[in-house]
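Numbering of ligands and ligand atoms starts at 1, following listing order. Just so we're clear, the structure is a prediction, and the values are computed from it rather than from any experiment.
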Amino acid sequence: MSSCKVVLAKNIANGLLQEVQDGLKTLNRKPHLVGFLANQDPAARMYADWTEKTCHENGFQYTRRDVFKEDIEEAILAANADDTIDGIIVYYPIFNSRQDQYLQQIVDVSKDVEGLSHRYVFNMYQNIRFLDEETKTQKSILPCTPLAIVKILEYLHIYNTILPYGNRLHGHTICVVNRSEVVGRPLAALLANDGACVYSVDVTGVQKFTRGEGLTKTRHEVEELDGWTIKDAAPLCDVVITGVPGEKYKFDTSLLRGGAVCINFSSEKNFDPVVKEKASIYVPSIGKVTIVVLLRNLLRIVHNRAAQKA
Ligand SMILES: NC(=O)C1=CN([C@@H]2O[C@H](COP(=O)(O)OP(=O)(O)OC[C@H]3O[C@@H](n4cnc5c(N)ncnc54)[C@H](O)[C@@H]3O)[C@@H](O)[C@H]2O)C=CC1
Ligand SMILES: Nc1nc(=O)c2c([nH]1)NC[C@@H]1CN(c3ccc(C(=O)N[C@@H](CCC(=O)O)C(=O)O)cc3)C=[N+]21
């Protein structure tokens, strides 16, 4: 018998959904999200379908627009100019090249629910939390999947609320297996900005993200750990977060510290079921939380845009 507690995303999502529904009540209309699908990726289609379902169940308007690659740029510009649209999500990858980064930058910042615009990305890496740093009424937008993982760590009480906001991961050592620009690297930065010591692992090696001994720095810094592999990093960690694409990869359970918390955000199961014999808590997937965070971001940009107009 293992004593591991398996925590399902659905249960975490429900609490956040309550918060989103309360926020929605303060508006007297349905926010409108538009999703652009311009690829044949089954994961993107599935994500779009779930988003549509969650929107419709919770009083949001969702429209999926299927477009050809060659029309995506004009389609985004038209949505930017359309006052009936509050939020825009573009499913990636489309071109699988720098053209995708170009497309991320043409979505109007005031409609960018995924927080991929340069201003939001800059704020995240620089640990700037508000668009209006003096009055602090407009929160900056954080990318959905990294933020979903933060919300999961809050739910699991890994964030220690005895500590001041911004330092609540102090004392935790977290391994993130994935350093993509959309999830792994922003996640490592966010967790380190909140006080954790983060080992970021990918195929090219291991990097350490921290705010220094005693959290003396106001934002994280990064150190390349030459010669390190996951074998050096994982055993040091009380939380392990995986996001490796492809069904072949399995995290080596023998590297896990007894009682560690395991969270997987990949579409594939990166942990072997035997992980339950060693972990204290296991979250096998997070997609449902990501979608609720997307709706939370949508409410936030609606709020921010109204504040900027006033
Ligand atoms: N649950 C959610 O909300 C979301 C899930 N995903 C899923 O997460 C997964 C990753 O997505 P992306 O970051 O966009 O993929 P990506 O392909 O851009 O990045 C993959 C990362 O994993 C690393 N990696 C690959 N093999 C590795 C190995 N054996 N050991 C260590 N690192 C390795 C790569 O170096 C890279 O840093 C996919 O399965 C995707 O569907 C993506 C976005 C949201
Ligand atoms: N601009 C953009 N943002 C994205 O966030 C984005 C994207 N493009 N393109 C496609 C990928 C894929 N993606 C997933 C979301 C949830 C699960 C996921 O884990 N879903 C299930 C598990 C699988 C299942 O139930 O079959 C769950 O957590 O319950 C996977 C993959 C987001 N993506």
query: Would you say the side chains of Gln138 and Gln308 form a donor-acceptor pair under 3.5 Å?
result: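 Result is yes, a qualifying pair exists.
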
For [X], take its heavy atoms, then give the atoms of ligand 1 lying under 4.0 Å from any of them.
{"X": "Val182", "answer": "14 (O)"}
{"X": "Phe265", "answer": "1 (N), 2 (C), 4 (C), 5 (C), 6 (N), 7 (C), 8 (O)"}
{"X": "Val177", "answer": "31 (C), 32 (N)"}
{"X": "Gly243", "answer": "9 (C), 10 (C)"}

Taking the minimum heavy-atom distance to [atom], which of [options] ranks first?
{"atom": "atom 9 (N) of ligand 2", "options": "Tyr91, Trp50, Tyr92", "result": "Tyr92"}
{"atom": "atom 28 (O) of ligand 2", "options": "Pro93, Gly287, Cys144", "result": "Gly287"}
{"atom": "atom 24 (N) of ligand 1", "options": "Val203, Val176, Val289, Val201", "result": "Val203"}

Aromatic ring pairing Tyr282/Phe271, orientation class (parallel under 30°, perpendicular over 60°, tilted between):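 Because their plane-to-plane angle is over 60°, the rings of Tyr282 and Phe271 count as perpendicular.
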
query: With under 30° as parallel and over 60° as perpendicular, where do the rings of Phe209 and His220 fit, or are they tilted in between?
result: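 Because their plane-to-plane angle is under 30°, the rings of Phe209 and His220 count as parallel.
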
message: Check contact between Pro245 and ligand 1, using heavy atoms of the residue and a distance below 4.0 angstrom.
response: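 It does; at least one heavy atom falls under 4.0 Å.
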
Under 4.0 Å to a heavy atom of [X] - the qualifying atoms of ligand 2, by number:
{"X": "Ser267", "value": "30 (C), 31 (C)"}
{"X": "Glu114", "value": "1 (N), 2 (C), 3 (N), 4 (C), 5 (O)"}
{"X": "Val90", "value": "1 (N), 2 (C)"}
{"X": "Ser285", "value": "27 (C), 28 (O), 29 (O)"}

- prompt: Just by modelled atom types, is the Asp49 backbone N or O under 3.5 Å from a matching donor or acceptor in the Tyr62 side chain?
  reply: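 Not confirmed, Tyr62 side chain does not pair with Asp49 backbone.
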
task: Do me a favour and list the nearest non-hydrogen protein atom to atom 33 (N) of ligand 2 with residue, atom name and distance?
output: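 Looking only at protein heavy atoms, the one closest to atom 33 (N) of ligand 2 is Tyr47 CD2, 3.8 Å.
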
- request: Using a 4.0 Å heavy-atom cut-off, say whether Leu116 meets ligand 2 through its side chain, its backbone, both or neither.
  value: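 Contact part for Leu116 vs ligand 2: neither.
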
query: Under 3.5 Å between some N or O of ligand 2 and some N or O of Ile89?
result: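 There is no such contact.
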
message: Looking at ligand 2, would Thr290 count as a contact under a 4.0 Å heavy-atom criterion?
response: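 In this structure, Thr290 fails to qualify as a contact of ligand 2 - no heavy atom is under 4.0 Å.
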
- request: Flag the pair Asp112 / Ile88 as yes when at least one side-chain heavy-atom distance between them is below 4.5 Å, and no otherwise.
  value: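 Sidechains of Ile88 and Asp112: no contact.
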
